[in-house]
*Asks:* 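One structure is given below, represented as structure tokens, and several questions about it will come after.
Since we're looking at a predicted model, the values are computed, not measured.
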Amino acid sequence: MILSCNCSFIERLSFMKTIVIASQKGGSGKTMLAAHLAVEAERAGDTAWLIDTDRQATLSLWHERRKVDTPQRLDVPFARIADGLATLAANDAAYCFIDTSPTISDQNTALLDLADLVLIPVRPSPSDLWAVAETVEQVKDAGKPFIFVITQAKQQASI
């Protein structure tokens with residue numbers, strides 16, 4: 001996956017950024033997007049944290065199998081995520097990436113309320129494009145800025 005972003009507006013802010021990765025479509029790349037972005041933030045010299053809210057816990061499993069300590073993972077009950085984010089911010093964390101479950105739910109709506117930015121991964125397939133509309137509506141209802149991230153694209157795809 002290759003991401004390119006002119007993020008100078010983010011660099012001017014001095015508080016932790018909470019980035020929620022959301023899509024109702026399973027297999028869209030939410031977990032790996034969260035992992036890759038957190039690793040790249042650490043490589044750039046920032047402190048990044050991960051929160052896994054998906055019951056499948058793939059991000060947590062990925063984190064446990066890593067041989068390095070960063071990015072760090074915050075294991076906190078869902079009801080205390082806001083408190084956990086406040087603690088991270090008070091301890092000078094730069095980013096927290098939150099992986100969500102593939103569903104439209106009250107839990108995901110609550111997570112969107114905590115977001116500074118929402119990333120919506122989308123595979124270039126008809127089913128992903130059809131499914132993304134509800135996620136976009138949910139994010140718009142929360143009043144949050146969002147960016148689409150194309151994942152798992154093939155160079156020669158004709159879609």
Side-chain angles (χ1 to χ4, degrees), residues 1-5 7 9-123 128 131-132 135-136 138-139 142-153:
M1 171 181 8
I2 298 174
L3 288 177
S4 176
C5 176
C7 296
F9 74 97
I10 290 177
E11 294 168 358
R12 285 181 276 153
L13 301 174
S14 60
F15 55 89
M16 183 183 77
K17 282 55 126 204
T18 301
I19 301 173
V20 173
I21 296 93
S23 173
Q24 75 169 39
K25 180 77 172 67
S28 64
K30 291 181 294 297
T31 298
M32 285 300 100
L33 182 59
H36 287 268
L37 289 174
V39 167
E40 285 304 310
E42 288 282 344
R43 287 179 47 172
D46 291 316
T47 304
W49 286 79
L50 295 163
I51 297 177
D52 188 355
T53 65
D54 188 353
R55 288 180 187 240
Q56 291 181 358
T58 306
L59 184 62
S60 296
L61 182 61
W62 169 85
H63 186 264
E64 290 168 9
R65 292 183 175 185
R66 283 182 56 81
K67 296 188 187 316
V68 295
D69 294 332
T70 59
Q72 298 177 75
R73 184 173 63 89
L74 181 63
D75 189 13
V76 61
F78 185 81
R80 303 227 28 238
I81 287 178
D83 295 335
L85 292 172
T87 299
L88 294 178
N91 287 294
D92 297 324
Y95 297 97
C96 184
F97 297 93
I98 301 178
D99 185 24
T100 62
S101 60
T103 185
I104 299 293
S105 67
D106 291 342
Q107 177 175 307
N108 283 357
T109 300
L111 291 170
L112 292 177
D113 290 339
L114 300 173
D116 295 307
L117 175 67
V118 179
L119 300 180
I120 303 172
V122 181
R123 292 183 316 167
D128 278 62
V132 78
T135 302
V136 171
Q138 188 182 30
V139 174
K144 299 299 177 169
F146 63 94
I147 298 173
F148 292 103
V149 179
I150 306 294
T151 61
Q152 304 171 40

*Asks:* Given side chains that start at C-beta, do those of K17 and L117 come closer than 4.5 Å, heavy atoms only?
*Replies:*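 K17 does not reach L117 side chain to side chain.
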*Asks:* From F148 CZ over to T135 OG1, what is the distance, rounded to the nearest 0.5 angstrom?
*Replies:*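 The distance works out to 9.0 Å.
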*Asks:* Mark yes or no for whether R66, through its side chain, and T70, through its backbone, hold a donor-acceptor pair below 3.5 Å.
*Replies:*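 Flag set: sc R66 to bb T70 pair under 3.5 Å.
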*Asks:* Flag the pair P121 / Q152 as yes when at least one side-chain heavy-atom distance between them is below 4.5 Å, and no otherwise.
*Replies:* no
*Asks:* Any chance you could measure I21, atom CD1, to M32, atom CE, to the nearest 0.5 Å?
*Replies:* 11.0 Å
*Asks:* How long is the gap from CG on D52 to OG1 on T58, to the nearest 0.5 Å?
*Replies:*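 Taking CG in D52 and OG1 in T58, the distance rounds to 7.0 Å.
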*Asks:* Do you know the tightest heavy-atom contact between Q138 and L112?
*Replies:* CG-CD1, 3.5 Å
*Asks:* Give the minimum heavy-atom separation between D99 and K30, together with the two atoms involved.
*Replies:* OD1-CB, 3.4 Å
*Asks:* Return yes if some donor-acceptor pair links the side-chain N/O of H63 with the main-chain N/O of A35 below 3.5 Å, else return no.
*Replies:*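 Side chain of H63 to backbone of A35, a donor-acceptor pair under 3.5 Å: no, none is there.
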*Asks:* Could you measure the distance from the CG atom of D128 to the OG1 atom of T151? Nearest 0.5 Å is fine.
*Replies:*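 One gets 7.0 Å once the value is rounded to the nearest 0.5 Å.
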*Asks:* For the residue pair S101 / R55, report whether a side-chain donor-acceptor contact shorter than 3.5 Å exists.
*Replies:* no
*Asks:* Could you pull out all donor-acceptor pairs under 3.5 Å where a side-chain atom in residues 37-51 meets a protein atom, sequence neighbours excluded?
*Replies:*
{"unit_1": "E40", "atom_1": "OE2", "unit_2": "R43", "atom_2": "NH1", "d": "3.3"}
{"unit_1": "E42", "atom_1": "OE2", "unit_2": "A48", "atom_2": "N", "d": "2.7"}

*Asks:* Supply the atom-to-atom distance I98 CD1 to L119 CG, rounded to the nearest 0.5 angstrom.
*Replies:* 11.5 Å
*Asks:* Rounded to the nearest 0.5 Å, what separation is found between the OG1 atom of T109 and the CG atom of L114?
*Replies:* 11.5 Å
*Asks:* Which heavy-atom pair separates V139 from V118 by the least distance, and what is that distance?
*Replies:*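 Result for this residue pair: CG2-CG1, 3.8 Å.
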*Asks:* Looking at every heavy atom in both E64 and R73, which two are closest together, and how far apart are they?
*Replies:* OE2-NH2, 3.8 Å
*Asks:* Closest approach of T100 and S23, non-hydrogen atoms and distance?
*Replies:*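 It is OG1-N, 4.2 Å.
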*Asks:* Is it true that atom CG of N91 has more than 12 heavy atoms of other residues, nucleotides or ligands lying nearer than 6.0 Å?
*Replies:*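 Atom CG in N91 is packed in, count exceeds 12.
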*Asks:* Kindly give the heavy-atom pair with the smallest separation between M16 and A93, and that separation in Å.
*Replies:*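 Heavy atoms of M16 and A93 come nearest at CB-O, 3.3 Å.
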*Asks:* Tell me, please, which residues at least two apart from F78 pass ring-ring contact (aromatic ring centres under 6.0 Å, His included).
*Replies:*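 F78 satisfies ring-ring contact (aromatic ring centres under 6.0 Å, His included) with no other residue.
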